[in-house]
A.B. asks: 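So that we are looking at the same thing, I have put the structure below in structure tokens.
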Amino acid sequence: MTNDDHKGLMRMRTRVLKFGLYADEQELAWVSELVREAAGCRSARIVDEAIVGTLSGSELSAADVYDHLAEQWAVEHPAQNSGAREAVELRVHLRCSLRTWRTIRKTVIRTLCPEGMAPHICRVPWAAA
């Protein structure tokens with residue numbers, strides 16, 4: 001193994017993507033697929049994926065932390081019932097470099113909200129944690 005190979009391996013480690021979402025089961029599956037596609041395009045390996053209702057190291061639930069997403073949805077959809085949507089945190093553990101992690105994160109955010117900074121309604125209210 002060359003010194004450059006060793007440096008490359010040192011940069012590869014498990015990193016976590018976290019997204020707060022106000023979504024139902026179908027929307028969660030869509031966001032998970034966005035992450036899988038972005039990771040696959042960058043040759044990052046998904047080590048683990050979890051939908052979290054209670055945040056580790058805290059007594060707070062995802063509903064407490066991401067309650068603003070439910071409020072956002074209600075404002076954007078005033079005449080609609082929220083149905084089975086709930087506030088959760090999607091955590092995806094990736095084996096990749098920091099540069100790759102940042103690229104994947106940016107790609108997912110751009111795909112979640114392709115309209116950019118102009119006023120619009122995203123398909124799923126979200127927050128990058």
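The analysis underlying the following values was restricted to heavy atoms, covering all of them including side chains, and did not include hydrogens, waters or symmetry mates. Note that the coordinates shown come from a computational prediction; the quantities given were computed from them, not determined experimentally.
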A.B. asks: Look at the side-chain heavy atoms of Ile, Leu, Val, Met, Phe, Trp and Tyr, link any pair under 4.5 Å apart, and say whether Leu94 and Ile51 land in one connected group.
C.D. replies: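 Yes; Ile51 is reachable from Leu94 via cluster members.
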A.B. asks: Working note: Trp30 + Asp24, criterion side chain to side chain contact (heavy atoms under 4.5 Å, CB included); need CA distance, chi angles, decisive distance, verdict.
C.D. replies: CA-CA 10 Å; Trp30 175 70; Asp24 60 22; over 6 Å; no
A.B. asks: Start with the C-alpha gap between Arg95 and Arg13, add the side-chain angles, then the distance that decides, and say whether side chain to side chain contact (heavy atoms under 4.5 Å, CB included) holds.
C.D. replies: CA-CA 5 Å; Arg95 182 90 175 142; Arg13 56 182 253 205; 3.9 Å; yes
A.B. asks: Is there a path of hydrophobic side-chain contacts, each under 4.5 Å between heavy atoms, that joins Phe19 and Val47?
C.D. replies: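 Different clusters: Phe19 never reaches Val47 through Ile, Leu, Val, Met, Phe, Trp or Tyr contacts under 4.5 Å.
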A.B. asks: Closest heavy-atom contact between Ala87 and Ala62?
C.D. replies: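 For Ala87 versus Ala62, the nearest heavy atoms are O-CB, 3.6 Å.
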A.B. asks: Measure the spacing between CZ of Arg36 and CG of Leu34 and express it to the nearest 0.5 Å.
C.D. replies: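 With rounding to 0.5 Å, CZ (Arg36) is 9.5 Å from CG (Leu34).
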A.B. asks: Is it the case that atom CD in Glu25 sees more than 12 heavy atoms from other parts of the structure closer than 6.0 Å?
C.D. replies: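 No.
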A.B. asks: Of Arg15, Glu37, Arg42, which meets side chain to side chain contact (heavy atoms under 4.5 Å, CB included) against Ile104?
C.D. replies: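 It is Arg42; the other options fail the test.
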A.B. asks: May I ask whether Leu28 and Ile46 are part of the same hydrophobic cluster, defined by side-chain heavy atoms of I, L, V, M, F, W, Y residues being less than 4.5 angstrom apart, directly or through others?
C.D. replies: yes
A.B. asks: Flag the pair Trp126 / Val31 as yes when at least one side-chain heavy-atom distance between them is below 4.5 Å, and no otherwise.
C.D. replies: no
A.B. asks: Looking at every non-hydrogen atom in both residues, tell me the closest pair between Ala129 and Glu89 and how far apart they are.
C.D. replies: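 Nearest heavy atoms, Ala129 then Glu89: CB-OE1, 4.0 Å.
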A.B. asks: What orientation do His68 and Tyr66 show, parallel under 30°, tilted 30 to 60°, or perpendicular over 60°?
C.D. replies: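 Rings of His68 and Tyr66: tilted, as their planes differ by 30° to 60°.
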A.B. asks: May I ask you to say whether Arg85 pairs ionically with Glu27, meaning some side-chain N is under 4.0 Å from a carboxylate O?
C.D. replies: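 Yes.
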A.B. asks: If hydrophobic clusters are built by linking Ile, Leu, Val, Met, Phe, Trp and Tyr wherever their side-chain heavy atoms come under 4.5 Å apart, do Leu17 and Ile109 end up in the same one?
C.D. replies: yes
A.B. asks: What is the distance from atom CG of Leu21 to atom CG of Leu112, rounded to the nearest 0.5 Å?
C.D. replies: 7.0 Å
A.B. asks: If you apply the rule side chain to side chain contact (heavy atoms under 4.5 Å, CB included), what do you find for Leu90 with Ser32, and how did you get there?
C.D. replies: CA-CA 8 Å; Leu90 172 64; Ser32 291; 3.9 Å; yes
A.B. asks: Can Val52 be reached from Tyr22 by stepping across I, L, V, M, F, W or Y side chains whose heavy atoms are under 4.5 Å apart?
C.D. replies: yes
A.B. asks: For the CD atom of Glu49 and the NE2 atom of His93, what is their distance to the nearest 0.5 Å?
C.D. replies: 10.0 Å
A.B. asks: Could you give the distance from NE2 (His77) to CD (Gln72), rounded to the nearest 0.5 Å?
C.D. replies: 9.0 Å
A.B. asks: Looking at CZ of Arg45 and SG of Cys96, how far apart are the two atoms once the value is rounded to the nearest 0.5 Å?
C.D. replies: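 That separation rounds to 10.5 Å.
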A.B. asks: Could you go through the side chain to side chain contact (heavy atoms under 4.5 Å, CB included) check for Gln80 and Trp73 one step at a time?
C.D. replies: CA-CA 9 Å; Gln80 294 181 18; Trp73 193 90; 3.7 Å; yes
